[in-house]
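This report refers to the structure that appears directly beneath it.
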Amino acid sequence: MYRLLVLLLLPLSMFAELKIAVTYPYIGALVKEIAKDNANTYVLAKGNWDPHFVVPRPSLIAKVRRAEGLIINGGELEIGWLPPLIRRASNSRIAKGTSGYLDLSVYIEFLEKPTRLDRADGDVHPQGNPHYHLDPNNILILANVIREFLISLDAENKTAYDKNFQTFKNMWSLKIKEWDEKMKDKKGMKVVQYHNNLAYFNKAYSLNNIGTIEPLPGIPPSSRHTLELINTMKTQKPSAILHDVYHSTKTAQFISSKTGVPIVIMPHDIESLDEIEDLVSLFDYLTSAIK
Ligand SMILES: [Zn+2]
């Protein structure tokens, strides 16, 4: 009886797991690494969707409404779909500017920052390239930011978050060395992409992106741009056309048939292909895909 009474008097928060909504699977995986059983993670976008264009379905509103913390990629990657979800969820705990809101992009040095202010031409990267999580070195920065965020929401479990972060950091640092070794002989390799998803991956491993099938980020291929790209590729002879999983490969196949350059599918997030189950398998795959 006494025990029961003690249990009843303990604050509810001691038993409750944190409810964290995140926009993409890679963020969810990081939260799981650092929080383990101390958080329930709700991932809003599926890994095989175009991260720029997510349909804000009602089931996603419920996830945002329940959340005690919201972690986003930022850099305007979610600009087309997250703001209406947040508005309709009307959850003050995760409002922008509150302690429950974390924009990871704030902690990252962006590539392709705009050189002019007016980019009203449909470009979906108006602040620079937001696909920074595909540099494995950035993953460590994000893991640490998420550790601090979880501690700020749940200081009681600081020891666990610190310990889990350290375990992850040790494992990830070894993997970074392994991936560096695997990619060593790819330095300077020329590639083409559909969309510049791999800007940070390419920089990390010194791959040289010589063009994209999209004329501008988010703008579908045009015949004029495609023909120009084919000419560029005939002169520069890139090794591969790196392609995401969610755009049609029709134009890439046409370009490949004209140039002989093979298409290589490059997953951008966990679950974008069946075999990509976690962050390690994502980078294992990416660092093995280019031959
Ligand atoms: Zn993009």
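Atom set for the values below is all heavy atoms of this structure, side chains included, hydrogens, waters and symmetry mates excluded. Given the structure is predicted, the values throughout are model-derived calculations rather than measurements. Atoms within a ligand are numbered from 1 in the order they appear, just like the ligands themselves. Nothing fancy with the numbering, it's 1 onward along the sequence.
Applying the side chain to side chain donor-acceptor pair (under 3.5 Å) test to every pair with at least one member in residues 207-218, sequence neighbours left out, gives these pairs: Gln193-Asn209, His195-Glu214.
Applying the side chain to side chain contact (heavy atoms under 4.5 Å, CB included) criterion to Gln253, with sequence neighbours excluded, gives Thr249, Ile263.
Side chain to side chain, Tyr246 and Asn197 meet the donor-acceptor criterion of an N or O pair below 3.5 Å. At a cut-off of 3.5 Å, with distance as the only test, a side-chain donor of Ser288 or Lys182 sits close to an acceptor on the other residue.
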Can I get a per-line list of side-chain donor-acceptor pairs under 3.5 Å for residues 270-277, giving both atom names and the distance, sequence neighbours left out?
from   : atom 1 : to     : atom 2 : distance (Å)
Ser272 : OG     : Asp269 : O      : 2.7

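If you look at the Zn ion (ligand 1), the protein N, O or S atoms less than 2.8 Å from it are His52 NE2, His125 NE2, His131 NE2, His195 NE2.
Between Asp135 and Lys203 there is no salt bridge, since none of the side-chain N atoms of the basic residue sits less than 4.0 Å from a carboxylate O of the acidic one.
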